[in-house]
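The chains referred to below are lettered A, B, ... by the order of the sequence lines, with proteins before strands, and numbering in each begins at 1.
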Protein chains: 2
Amino acid sequence: MFTVKQAAEKAGISEHTLRYYTDQGLIPGVARDENNKRLFSEESLGYLHLVVCLRGCGMPIGDIKRFMTLNLAGDDTLEDRYQILLEQEERATAQLREAEERLAMLRRKLGHYRERIEGKK
Amino acid sequence: MFTVKQAAEKAGISEHTLRYYTDQGLIPGVARDENNKRLFSEESLGYLHLVVCLRGCGMPIGDIKRFMTLNLAGDDTLEDRYQILLEQEERATAQLREAEERLAMLRRKLGHYRERIEGKK
DNA sequence: ATATCACCTTAGAGTAACTCTAAGTCAAGT
DNA sequence: ACTTGACTTAGAGTTACTCTAAGGTGATAT
């Protein structure tokens, strides 16, 4: 079992954000100890990882919550969830391409800058 | 010369956001016509493109504004701007890797889902 | 001439997702 | 006993949009 600090560290998000996610009901299987502290199981860490991935794709909190609800609802929702993940795959692909474009632009600009800085000397 | 609608279209952002950017002073060289309407020159379109790139890297509005101010200040700021662009190149690289990771995770999950959906039939 | 359309303008309200602060609880270490 | 460090909550604050309301302008349609 993991504390907020540990789980946040593993997921690469802030403790604030992790508490916010649990409060929003995004992470199933988060228990509380006898002092009311959040306890993350291995399973909930997996859910958290998925949530972070979906948020990274730009999926809104409300949609993620709906997805996690489908997740808990059993195998009847497999097709629905599959479709949702497909959409997120497209988003991730688009983000990849955009990051490549930004990188290309920055490298081109950096090249121009190097020339100008050299020329100035 | 281009209208807000045209410039926003070219830059791939909303008209609202473009007005917001001009109001924040992020885009040099935006004129007004006799009816007070914003007019974007080719040059300002270039600045806009850069602003969108930097925002995409996650650079805050205030930092972008500072960068654009350096831009207008002349060749004395070349080195400073070069360093800033280098940082953004690193960010863009990190985003690229993160998008790849998300994509890998989603594709792995999609594979599992396909198996389970097939198995169910 | 007037109406409708497609644009544009502004100030300011509303929203999403954090991000942080304040005030407090609790257990362990010195 | 006291400090440290982790945790708790409610709620305020921030960023970057995102949208709404109320209105202006100019071109085309009736």
Side-chain angles (χ1 to χ4, degrees), chain A residues 1-27 29-41 44-45 47-68 88 91 94-95 98 102, chain B residues 1-27 29-41 44-45 47-68 88 91 94-95 98 102:
Chain A
M1 294 300 236
F2 305 91
T3 65
V4 166
K5 193 187 180 85
Q6 293 166 333
E9 161 99 64
K10 277 174 194 276
I13 59 176
S14 77
E15 297 174 42
H16 284 306
T17 301
L18 179 49
R19 287 200 194 92
Y20 172 68
Y21 285 174
T22 63
D23 292 353
Q24 295 298 311
L26 259 49
I27 328 271
V30 180
R32 297 282 182 146
D33 75 1
E34 67 279 9
N35 291 316
N36 195 35
K37 295 179 179 173
R38 293 172 185 80
L39 283 182
F40 295 82
S41 62
S44 69
L45 245 46
Y47 284 129
L48 174 56
H49 194 179
L50 176 58
V51 166
V52 170
C53 173
L54 294 177
R55 259 315 283 140
C57 291
M59 197 170 175
I61 300 288
D63 291 1
I64 296 177
K65 181 161 187 184
R66 248 159 269 136
F67 181 84
M68 300 312 274
Q88 300 316 307
R91 279 163 165 278
Q95 289 178 337
E98 284 159 23
R102 280 196 290 271
Chain B
M1 295 299 234
F2 305 92
T3 64
V4 166
K5 193 187 180 85
Q6 294 166 332
E9 162 99 65
K10 276 174 194 276
I13 59 176
S14 76
E15 296 174 43
H16 285 305
T17 301
L18 178 50
R19 288 200 194 92
Y20 171 68
Y21 285 173
T22 62
D23 292 353
Q24 296 297 312
L26 260 48
I27 328 271
V30 179
R32 297 283 184 145
D33 75 0
E34 68 279 7
N35 292 315
N36 196 35
K37 294 178 180 174
R38 294 172 184 80
L39 284 181
F40 295 82
S41 62
S44 66
L45 245 47
Y47 284 128
L48 174 56
H49 194 180
L50 175 58
V51 166
V52 170
C53 174
L54 294 176
R55 260 313 283 139
C57 292
M59 197 171 174
I61 300 289
D63 291 0
I64 296 177
K65 181 160 187 183
R66 247 159 269 136
F67 181 84
M68 299 312 273
Q88 300 316 307
R91 278 162 164 278
Q95 288 177 337
E98 283 158 23
R102 281 195 289 271

If only side-chain N and O atoms of B:Arg38 are considered, is one of them under 4.0 Å from the OP1 or OP2 phosphate oxygen of C:dC8? no

Give a yes/no on whether any side-chain N or O of A:Lys5 is located under 4.0 angstrom from OP1 or OP2 of D:dA6. yes

Spacing between B:His16 atom NE2 and C:dC8 atom C1', to the nearest angstrom: 12 Å

Give a yes or no on whether the backbone of B:Lys37 and the side-chain of B:Asn35 come within a donor-acceptor separation of less than 3.5 Å. no

Tell me the interatomic distance from B:Ile13, atom CD1, to D:dA16, atom P, rounded to whole angstroms. 14 Å

Would you say B:Tyr21 places a side-chain N or O within less than 4.0 Å of OP1 or OP2 belonging to D:dC17? yes

What I want to find out is whether B:Glu15 reaches B:Arg19 closely enough, with some N-O distance under 4.0 Å, to be called a salt bridge. yes

Can you check the A:Phe2 CZ to D:dC7 P distance for me, whole Å? 13 Å

Check the distance between C:dT19's P and A:Leu18's CG and give it to me in whole angstrom. 13 Å

If I take atom CG in residue B:Leu39 and atom C1' in nucleotide D:dT25, what distance separates them, rounded to the nearest angstrom? 14 Å

What's the CD-P distance between B:Glu34 and C:dT9, to the nearest Å? 12 Å

Closest to the A:Thr17 side chain: D:dC17, C:dT9, C:dC18? C:dC18

Do B:Arg55 and B:Asp63 sit within salt-bridge range, that is, some charged N less than 4.0 Å from a carboxylate O? no

If you compare every side-chain N and O of A:Arg55 against the phosphate oxygens of C:dC18 (OP1, OP2), does one of them come in below 4.0 Å? yes

Under 4.0 Å from OP1 or OP2 of D:dG26: is there any side-chain N or O of B:Asn35 that close? yes

Whole Å only: how far is the CD1 atom of A:Ile64 from the P atom of C:dA17? 8 Å

Could you walk me through whether B:Gln95 and A:Arg102 pass the side chain to side chain donor-acceptor pair (under 3.5 Å) check? CA-CA 10 Å; B:Gln95 288 177 337; A:Arg102 280 196 290 271; 3.0 Å; yes

So, is B:Arg19 close to the D:dC17 phosphate, meaning a side-chain N or O under 4.0 Å from OP1 or OP2? no

Going by side chain to side chain contact (heavy atoms under 4.5 Å, CB included), B:Leu26 matches just one of B:Phe67, B:Tyr20, B:Tyr21. Which one? B:Tyr21

What contact category does A:Thr3 fall into here, base, sugar-phosphate, or nothing, at under 4.0 angstrom with non-hydrogen atoms? sugar-phosphate

Let me know the distance between OH of B:Tyr20 and P of D:dT15, rounded to the nearest Å. 9 Å

